[in-house]
Each structure stands twice: as C-alpha cells, then as structure tokens.
Amino acid sequence: MRDAIKTQHGDQVEGWPALPYEAWRDTCQTLHMWTQIVDKVRLELSPFLNHWWHVALYVNPRGLTTSAIPYHGGSFDVTFDFLEHTLLMRTSEGTTKALPLIPRSVASFYQEIIDCLFALGIQVTINTLPSEVSDPIRCDQDFVHASYDPLYAQRFWRILTQTAAVMERYRSPFLGKSSPVHFFWGSFDLAVTLFSGRRAPERPGADHMMREAMSHEEISCGFWPGNESFPTPAFYAYTYPSPPGLSTAAIRPEQAFYSQELGEFLLLYEDVRNAPSPEQALLAFFQSAYEVGSTLGQWDREALERGDGMRTIGYQE
C-alpha cells in the first residue's frame, strides 16, 4: 500500500487515501455545517485577529481543533476527533463533555453542543445562518443535512494532516508575515498565506469579510474537498492582486493548470495522490506558484526569503 500508515490497532491506512466527492457528498456537506457551528462559538468569544485568523480550526494528531478559547478567566477548546469519532469539549477547570460523531441532523448537533457548553458553564449565542454557502438553512432548523460516514471523515482528516505537513515545509524559508496553517469553516478549506508587506487595492464589490481577509498583497495556497459546482478535491494557489502574465505562467508539476473561471492555479488531488512522491509533487506546486506570483508581482524576495529562498528542493517530474 502506497504511503501506508500503521494505526494504534495495527491497521494499515493510506496516507493519501481516495476521496471522491460523490462518495461522501452528504457527509462533507453535513460536516461543513457542523464545523461552522463549532467555530462560530470561537468567533463570538475570541478577540479579533487580522484576516479573521481568530476563527479558524487547526489540524492536530486526532482531527480538527479550535485551540484554546478564552472564557471568564479560563479557557476551553472543542475538537473533532476523527479517530474516536467524537466531538470533545474540555475546559481549563478540568471538566469535559463528549458528543459522538454519528449520523444526526445539523439542528440536533447544534442543540447538543449548546446544551453541552451550558453544562460546562459556558453560555454563548451564535449567528445560526451558515456562511459562504448557497441556499443556507439556519443550523437550528436544518434537518436536511444529517449524514456522517466515519471512513470518509477520517480520510479527509488524513489528507489534511499530510497537506499541513507539506505546507509547514513550504512556509519554512519565508521571513515575511505569514498565516498559520489553518482550516476555514466558511470555504471549508485548509490554507496557508504569505504576504508581501504591502496593502492591496480594495477588491471591487467586496463585503466587509472579504475586505478584511484580502486587505494586503498575498499568495495563498490550500486544499478543498470539492463542492457541487466543482465536485473534485483539488489543491489551489492564487496571487492577489493577480499580476499581469500570471495566468500564462508555467508552474510545476506538469498536471497543474490555471483556471480562468476561478482565477487561480489548480492541481487535482488525484494527480498528487498518484504521483511517485505526493509530498514532492505538492511542494513543487506550492513553491512554483509562489515563485511566479512573487516574481510577477515584484515582491522584495531578497528581503522576504531565507538563504536559498523558496526554490523547489529535490523534485523531479
């Protein structure tokens, strides 16, 4: 088995498993709504951080976590554990609550979380209208999304884990401002972003959220599992603002391409998964997208990069 990982039970699982969108569409959509509920709690209780970085989730050795959320002189966190398939809530006072991740409606999940937090002494009110989705249903009224397939939920997390490791390596030589490797519950993607240090022109028609998110020149890369309009998991990379010549620039590996519709470079997950070295193929994609974006965008690369810079190391087509 390619890139096999051995679990605590001695089972062999793929590090880059198959994740066809059609096979887990219902679970993906339900999990998307569940993550929105959890991190909207963080949004309400955490101090603001530029580019909305205070609302993201983070990949950890068991799943996705909020990290510590301040509350009344203490703190708590909430973690999606995709090994035990449990939502775990822990406080700095030592109290815990757990909610099994099983097929259940978004409305039921919402009420269970609110009840668990209340039992832990945490009272919070969130905006129940989902963000960044078409035809949103308020989470306390959503009985449509009610699926959970533990096999595919865990596969998704394993891909996030592998991708996060490559992102950390990609970001390592960069000396300028950069984001954490974090997971956004609105767009439902894992991302890392590098900045030139210059403000960006305001995006025409942008709302308050997008004006804050894209206030400075950036090169961002990430992974998302697909959706109804693009039902294929893929890696992406974009430069904002997009400099002249970006769409026709050549990047690595050869399977990568520029989507005029989305305005970004794409590399399909299956092309990475089937590469001789998925990690090297993905690193080449991130690094070469940065190279063309930062060069065409006239970033001060000498000041922003350490040593040998962001060049691709050891990758071969």
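The model shown is predicted, which means the values in this text are computed figures rather than measured ones. For this chain, numbers begin at 1 and follow the sequence in order.
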Thr91 (side chain) donor-acceptor with Glu93 (main chain) under 3.5 angstrom: yes
Minimal non-hydrogen separation, Ser294 against Arg301, with atom names: OG-CD, 3.3 Å
Shortest non-hydrogen contact between Ser67 and Asp77, atoms and distance: O-CB, 3.3 Å
Distance-only polar pair, side chains of Arg158 and Gln162, donor-acceptor under 3.5 Å: no
Interatomic spacing from OG1 in Thr86 to CG in Leu101 - rounded to 0.5 Å: 6.0 Å
Side chain to side chain contact (heavy atoms under 4.5 Å, CB included) between Ser220 and Tyr240, intermediate numbers included: CA-CA 8 Å; Ser220 189; Tyr240 180 76; over 6 Å; no
Test log, rule side chain to side chain contact (heavy atoms under 4.5 Å, CB included), inputs Gln29 and Arg25: CA-CA 6 Å; Gln29 293 177 353; Arg25 174 198 281 111; 3.5 Å; yes
Cation-pi check, Arg171 onto Phe174 ring (under 6.0 Å, within 45° of axis): no
Ser108 (side chain) donor-acceptor with Ser105 (main chain) under 3.5 angstrom: no
Option among Tyr148, Trp185, Phe82 that satisfies the ring pair (Phe, Tyr, Trp, His ring centres under 6.0 Å) test with Trp34: Tyr148
Side-chain heavy atoms of Val41 within contact of Leu117, under 4.5 Å: yes
Straight-line distance of Arg62 CZ to Trp157 CH2, nearest 0.5 Å: 7.5 Å
Donor-acceptor contact below 3.5 Å, side chain Thr27 vs main chain Asp149: yes
Nearest-0.5 Å distance that lies between atom CZ in Phe76 and atom OG1 in Thr96: 14.0 Å
pair Cys221-Val192: side-chain heavy atoms closer than 4.5 Å: yes
Glu261 atom CD, neighbour heavy-atom count above 12 within 6.0 Å: no
Check: Ser131 main-chain N/O paired with Gln36 side-chain donor or acceptor under 3.5 Å: yes
Test: Glu291 and Arg252 ion pair at under 4.0 Å: yes
Nearest heavy atoms of His216 and His51, plus distance in Å: ND1-CE1, 4.0 Å
Among Thr65, Thr161, Val181, the one residue meeting side-chain contact (heavy atoms from CB on, under 4.5 Å) with Val59: Thr161
Co-membership, hydrophobic cluster, residues Leu129 and Phe188, 4.5 Å side-chain: no
Distance, nearest 0.5 Å, that separates NZ of Lys177 from CG of Leu304: 12.5 Å
Full working for side chain to side chain contact (heavy atoms under 4.5 Å, CB included) between Thr128 and Gln141: CA-CA 9 Å; Thr128 59; Gln141 302 169 15; over 6 Å; no
Short side-chain to backbone donor-acceptor contact, Ser92 and Ser75, under 3.5 Å: yes
Salt-bridge contact Arg104-Glu112 (side-chain N to carboxylate O under 4.0 Å): yes
Tyr236-Phe257 co-clustered via ILVMFWY side chain contacts under 4.5 Å: yes
Salt-bridge criterion met for Arg169 and Glu279 (N-O under 4.0 Å): no
Same apolar cluster: Ile114 and Tyr71, side chain cutoff 4.5 Å: yes
Whether over 12 other heavy atoms sit under 6.0 Å from Gln298 CD: no
Closest heavy-atom pair and its distance - Tyr152, Ala18: CE2-O, 4.2 Å
Phe80 and Phe109 aromatic ring geometry - parallel, tilted or perpendicular at 30°/60° bounds: parallel
Within-4.5 Å side-chain heavy-atom neighbours: Ile159 and Phe223: yes
Common cluster, Leu83/Leu88, ILVMFWY with side-chain heavy-atom separation under 4.5 Å: no
Any donor-acceptor N/O pair, Ser259 side chain to Gly263 backbone, under 3.5 Å: no
Val38 versus Ile113, closest heavy-atom pair with distance: CG2-CD1, 3.8 Å
Closest approach of Arg306 to Ser172 (non-hydrogen atoms, all atoms of both residues): NH1-O, 2.9 Å
Heavy atoms of other groups near Glu302 CD, more than 12 under 6.0 Å: no
Separation between NE2 of His85 and CG of Leu87, rounded to the nearest 0.5 Å: 13.0 Å
Inter-residue atom distance Glu132.CD - Asp189.CG, 0.5 Å rounding: 8.5 Å
Arg273 side chain to Trp16 backbone, donor-acceptor under 3.5 Å: yes
Donor-acceptor under 3.5 Å (Asp271 side chain, Leu267 main chain): no
Candidate pair Ser229 and Asn227, rule side-chain hydrogen bond (donor to acceptor under 3.5 Å, both in side chains), full reasoning: CA-CA 6 Å; Ser229 61; Asn227 56 27; 2.9 Å; yes
Test item: Ile37 and Ile126 side chains (from C-beta on) under 4.5 Å apart, heavy atoms: yes
Pro241 and Glu217, any side-chain heavy atoms less than 4.5 Å apart: yes
Donor-acceptor under 3.5 Å (Lys40 side chain, Asn127 main chain): yes
Co-membership, hydrophobic cluster, residues Tyr58 and Ile69, 4.5 Å side-chain: no
Side-chain touch Phe265/Val292, heavy atoms, less than 4.5 angstrom: yes
Any side-chain heavy-atom pair of Pro103 and Ser147 under 4.5 Å: no
Aromatic plane relationship, Phe235 with Phe286 - under 30° parallel, 30 to 60° tilted, over 60° perpendicular: perpendicular
Non-hydrogen side-chain atoms of Arg199 and Ser215 separated by less than 4.5 Å: yes
Whether Ser46 side chain and Leu43 backbone form a donor-acceptor pair below 3.5 Å: no
Whether over 12 other heavy atoms sit under 6.0 Å from Phe118 CZ: no
Glu305 vs Leu175, side chain to side chain contact (heavy atoms under 4.5 Å, CB included): CA-CA, chis, key distance, verdict: CA-CA 5 Å; Glu305 300 168 19; Leu175 297 175; 5.9 Å; no
Check: Tyr110/Asp142 side-chain N/O donor and acceptor closer than 3.5 Å: no
